Every structure is written in structure tokens, then in C-alpha cells.
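Structure first, then comments.
All residue numbers in this chain count up from 1 along the given sequence. As the structure lists them, so they are numbered: ligands from 1, and atoms in each ligand from 1. Keep in mind that what you see is a predicted model, and the values were worked out from it rather than measured.
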Amino acid sequence: MTRARFARTIATMSRRPFVGGNWKMNTDLATGVALAQAIDSRWNQSQDAVDVVLFPPFPYLQAVGRAMSGGVVSLGAQDLSSEANGALTGEVSAEMLTDVGVTWVLVGHSERRHKLCEPNSVVADKFAMAIESGLSVVLCVGETQAERSAGQANHVVGRQLKSAFERVSPESLAKIVIAYEPVWAIGTGVVATPHDAEEAHQEIRGFIGSRYDPELAAGIRIVYGGSLAPGHAKTLFSVPGVDGGLVGGASLQANDFLSICSSAMIGIVAG
Ligand code: PEP
């Protein structure tokens, strides 16, 4: 496929938008349940053109899952073990997650990569385990400010992708969302410009195109994360190749999160 035809395919390819709410280590049981109930009850079937997923802390997964009776918002976990079971104090397996109704999992979030020192190899093992276990996965990638300033952004993200996708079959791509989350934008109030986001998403899609094939690259969902808020979600979601978002801080307020989810409907046909 020529470059021009690839660009046309991406522009016309319909990808279902995705918005995830990563609660991180926030909420308590009561506020988490109330937040999930508010989001679930107000995100109704008529808006079911967007995949909306909540990622509460581990201890609240079951209660949050029960609070979402509408069936249109899915339950996700923020992490999983790379191992199936065994003597691994504090770890949570894919099977345990599935057992309590989890269908999505985050892998490689920058806070785990940088604050909890998770290297690419561990992220790749967790990614493989999640896929093998039938979970849908959001793989987070992104560069630090220092890496960007050194002109290394594409190289760093490329390495993260290469390592993660080494063992992934083409058939698994349908259950994968890639989140481009520049570390300098996470929780900082600094948002990537539409141009930065477009360029990074193009690079990521280009990687999938060369690792697999252009048709698969045109089909995979790539979302943006980093200080997303209601005021600029629409602008970012209108960027060609941006298929929704992963939201941290703003996912803790039902109104803000729902506004961001509604903004994602703009991207029903990515353009
Ligand atoms: C995140 O945690 O993935 C994130 C994007 O956080 P925030 O929206 O707070 O920057």
C-alpha cells in the first residue's frame, strides 16, 4: 500500500472511540461506588458508540463492578501480574481479575514504568499475560520531557512498542488499545498540542504498520492521555488518528469525565 493510500485508509477507517478513567490510588469505597454509579447511570445506551472503561483501585473492583448495572461501562484494572499464580506476595493475577468481572487492564502506565521502576521487559511480560488471558488491554507508552528535549521521543516510544509487541499475534490486535501518554503531560496540566499528538500517533500507527501490516495499523485504536479536561478534549479527539483518551485527574469528577466521553463521539469516524 502506498503512503498516500495508507493515509486515506486511516482517514476513512471507522474505529470505535475509547475513553478510560484511571482513578490511580484515589477514592475510597463509598466515593468510588458513588462515582461509578453516577457515570454508569448517565452514560446510557444511546451513547453506546464509545467504549467507556473505569479503572478503580484493586480493592474496589468488585463493588464498582456491582455499581455499574447498565452494562454500557466496562470494568478495568490498573495492573496485573506477569505470572499466572504462585508465591508472589501482593501481586494480582489475570485470572483473579477475570473472576471479579474485570474485562480490561492497563499495562505499562508511566507511573509504573518510572515511579515503580517497571522496565520494558516486565511490561512486555504483563502485556503477553493479559492477552493470553483474554483480557482487553490498554498499553501505555510515552516519553519523558528529558527524552523529548533530547530529540529521543520517537526512539523511546519505538523501543517500548518493539518490546511489547514482540510476542503479540496479529489476531490479538483487536483487543488492544495503545495509549500515547507523554510523561510530561500526565498530571501536570500541560497538554500535548494537536500537532504533537498527531505526529506521535502517526509514528505509533506506522510502527504497527511495519510490524504487522497497514490494514491492521489502520484498524488499531490509539488514544491520547495527559491532563485531558473537558475544555480541550474535543480539540484533541478531532485530531486525525486520535481515537479517544485515557483520563486520570478528570475521571474523578463524574461531570468532567462524562463530558470527555461525549467529546469522543466526535471521533466515531476518525478523520
Ligand atoms: C493517566 O493517569 O493516565 C493520566 C493521563 O492522568 P492525567 O489525566 O491526570 O494527566
_Ligand-residue contact atoms, ligand 1 with Gly249, heavy atoms, under 4.0 Å_ = 7 (P), 8 (O), 9 (O)

*Report the relative orientation of the aromatic rings in Tyr180 and Tyr224; use parallel for angles under 30°, tilted for 30 to 60°, perpendicular for over 60°.*
tilted

*Atoms of ligand 1, numbered as shown, that sit under 4.0 Å from any heavy atom of Asn22*: 1 (C), 2 (O), 3 (O)

*Residues in ring pair (Phe, Tyr, Trp, His ring centres under 6.0 Å) with Phe257, at least two apart?*
none

*asked:* For Gly226, state whether at least one heavy atom is located under 4.0 Å from any atom of ligand 1.
replied: yes

*Could you tell me whether the side chains of Asp28 and Thr31 share a donor-acceptor contact shorter than 3.5 Å?*
yes

*Hey, what do you get for CG (Asp40) to CG (Leu258), rounding to the nearest 0.5 Å?*
10.0 Å

*asked:* Any nitrogen or oxygen of Gly248 lying under 3.5 Å from a nitrogen or oxygen in ligand 1? Just yes or no.
replied: yes

*Atom indices of ligand 1, in the order listed, that fall short of 4.0 Å to a heavy atom of Ser227*: 7 (P), 8 (O), 10 (O)

_Ligand-side contact atoms (ligand 1) for residue partner Leu246, heavy atom cut-off under 4.0 Å_ = 3 (O), 5 (C)

*Give a yes-or-no answer on whether the side chains of Ser238 and Thr235 include a donor-acceptor pair shorter than 3.5 Å.*
no

*asked:* If the contact criterion is a heavy-atom separation under 4.0 Å, does Ala179 count as touching ligand 1?
replied: no

*May I ask you to identify the nearest protein heavy atom to atom 5 (C) of ligand 1, giving residue, atom name and distance to one decimal place in Å?*
Glu181 OE2, 3.1 Å

*asked:* Under 3.5 Å, is there a donor on one side chain and an acceptor on the other for Glu143 and Trp184?
replied: yes

*Near Ala185, which atoms of ligand 1 are under 4.0 Å from a heavy atom of that residue?*
10 (O)

*Run the numbers for me: atoms of ligand 1, each under 4.0 Å from some heavy atom of Gly187, listed by number.*
7 (P), 9 (O), 10 (O)

*Considering only protein heavy atoms, which is closest to atom 1 (C) of ligand 1, and at what distance to one decimal place?*
His109 NE2, 3.2 Å

*What are the atoms of ligand 1, with element, lying closer than 4.0 Å to any heavy atom of Ile186?*
4 (C), 6 (O), 10 (O)

*Taking only Lys NZ, Arg NE, NH1 and NH2, and the carboxylate oxygens of Asp or Glu, determine whether Asp125 and Arg167 approach each other closer than 4.0 Å.*
yes

_Asn120: which of Arg159, Arg113, Gln160 passes side-chain hydrogen bond (donor to acceptor under 3.5 Å, both in side chains)_ = Arg113

